[in-house]
There are 2 protein chains.
Amino acid sequence: MEKTNIEVETASQVFKLLGDKTRLTIGALLMKRELCVCELLEVFEMSQPSISQHLRKLKDAGLVKEARRGQWIYYSLNTNSEFYSLVKYATSLIPDQDEKIRQIEISNPTLRCGC
Amino acid sequence: MEKTNIEVETASQVFKLLGDKTRLTIGALLMKRELCVCELLEVFEMSQPSISQHLRKLKDAGLVKEARRGQWIYYSLNTNSEFYSLVKYATSLIPDQDEKIRQIEISNPTLRCGC
DNA sequence: TAAGTATATAGGAATGTACTTATATATAGA
DNA sequence: TCTATATATAAGTACATTCCTATATACTTA
């Protein structure tokens, strides 16, 4: 886990981002695999705009990146970010999020039609 | 650097604490040595109550402990805290705080009389 | 091109945060 | 015990944050 010297201002901004339960959990979930908004919506008791706003903050800080695939925009961790190892460390501290991933896979919101 | 599993709620609270420039810097300074409020006051452009309030939050979370010695209350990192390794990691990310320590030692607020 | 789904943005309300000044409390020393 | 110094607490204010609802935008498919 290489460490670079990050300015106090910058580092504290990233900690502030991780200092929110929803965003920290999103980070841990994205550690497992990329996810779209409608998938995250399955595991947070929160409106779609709220999820989008959290993702935007993470994206603005360069922690996550997005990729549109058809109708969906998939979010994933930006492994090139200078904060990636911090995110990895931070998310490793909290309990495993497999249960939430399973919940997403059961409801499978991107495949409603069943085809 | 051992990692225990910390609840999302708890972990995000600690990140929130570190998500403030002043508190993150205090953490890095306490990594160097214990300090009293009047010493911290030398390196932050902030009122004494503000410093005290930041220290109180860090103390309430168990990250720092205090020890009164005469007129002064010395704050230090609580190495027994389950978050100590997180604090150590977090503070290792930011630039070295030696300059601020030197500044404190030059002004030496706990020894005003020179005796 | 119209309708449906996914996501983003705008605007606003409630709450939280980080400061400030004023004041209280605790210790030290004359 | 009086005064000075160190620190904590209280109360108020400005600003930031996080949610919401309503609406706009983008893509897909009939």
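So you know, we letter chains A, B, ... as the sequences are listed, proteins then strands, and number each from 1.
When each of A:Val43, A:Thr91, A:Asp98, A:Leu24 is checked for a side-chain contact (heavy atoms from CB on, under 4.5 Å) with A:Leu29, only A:Val43 meets the rule.
A straight line from CD1 of B:Ile73 to C1' of D:dT7 spans 5 Å, rounded to a whole angstrom. Atom CH2 of B:Trp72 is separated from atom C1' of D:dT5 by 9 Å (rounded to the nearest Å). Here C:dT7 presents its P atom at 8 Å from CZ of A:Arg68, a figure rounded to the nearest Å. Protein atom CG of B:Asn108 is 16 Å distant from nucleotide atom P of D:dT5, rounded to whole Å. Rounded to whole Å, atom C1' of D:dT7 lies 13 Å from atom OH of B:Tyr74. Atoms CZ (A:Phe44) and P (C:dT7) sit 14 Å apart, rounded to a whole Å. We find that CG of A:Asp20 is positioned 14 Å from C1' of C:dT15, with the value rounded to whole Å.
Side chain of A:Val37, nearest nucleotide from D:dA8, C:dA8, C:dT27: C:dA8. Here the nucleotide nearest the side chain of B:Met46, chosen from D:dA8, C:dT20, D:dT21, is C:dT20. Each of D:dA8, C:dT7, C:dA28 was ranked by its minimum atom distance to the side chain of A:Gln48; first place goes to C:dT7.
Put simply, the side chain of B:Ser107 never gets that close to the backbone of B:Pro109: no donor and acceptor are under 3.5 Å apart. In this structure, B:Glu42 contributes its side chain and B:Glu39 its backbone to no donor-acceptor pair below 3.5 Å.
DNA chain D lies under 4.0 Å from at least one heavy atom of each of the following residues of residues 53-63 of chain B: B:Gln53, B:Arg56. Residues from residues 23-34 of chain A that place a heavy atom under 4.0 Å from any atom of DNA chain D, listed by number: A:Arg23.
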Checking A:Leu93 against B:Tyr89 for the side-chain contact (heavy atoms from CB on, under 4.5 Å) test, could you report, in this order, the C-alpha distance in whole Å, the side-chain angles of both residues, the deciding distance, and whether it holds? CA-CA 12 Å; A:Leu93 296 173; B:Tyr89 179 70; over 6 Å; no
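For the helix from C:dT1-D:dA30 to C:dA30-D:dT1, the terminal axes (five pairs an end, C1' atoms, rotation from four pairs onto the next four) enclose an angle of 20°, given to 10 degrees.
By the side-chain hydrogen bond (donor to acceptor under 3.5 Å, both in side chains) test, B:Lys57 pairs with no residue at all, sequence neighbours left out. Under the rule for a side-chain hydrogen bond (donor to acceptor under 3.5 Å, both in side chains), the partners of B:Glu34 that lie at least two apart in sequence or sit in another chain are B:Arg69. Contacts of A:Glu9 classified as side chain to side chain contact (heavy atoms under 4.5 Å, CB included), with partners at least two apart in sequence or in another chain: A:Gln13, B:Lys21.
For D:dC20, one of the phosphate oxygens OP1 or OP2 lies less than 4.0 angstrom from a side-chain nitrogen or oxygen of A:Ser47. Residue A:Tyr75 places no side-chain N or O under 4.0 Å from the OP1 or OP2 atom of C:dA6. Phosphate proximity of C:dT20 to B:Ser50: present, with a side-chain N or O under 4.0 Å from OP1 or OP2.
With the nearest nucleotide of DNA chain D identified for both A:Gly70 and A:Thr22, A:Thr22 has the one nearer the 5' end.
Across all strands, B:Glu39 comes closer than 4.0 Å to no nucleic acid atom at all (heavy-atom distances). If you check every strand for non-hydrogen atoms under 4.0 Å, A:Lys16 touches sugar and phosphate atoms only.
Salt-bridge check for B:Arg102 with B:Glu105: failed, with every basic side-chain N at 4.0 Å or more from each acidic carboxylate O. Using a cutoff of 4.0 Å between basic side-chain nitrogens and carboxylate oxygens, A:Asp60 and A:Arg56 are scored as salt-bridged.
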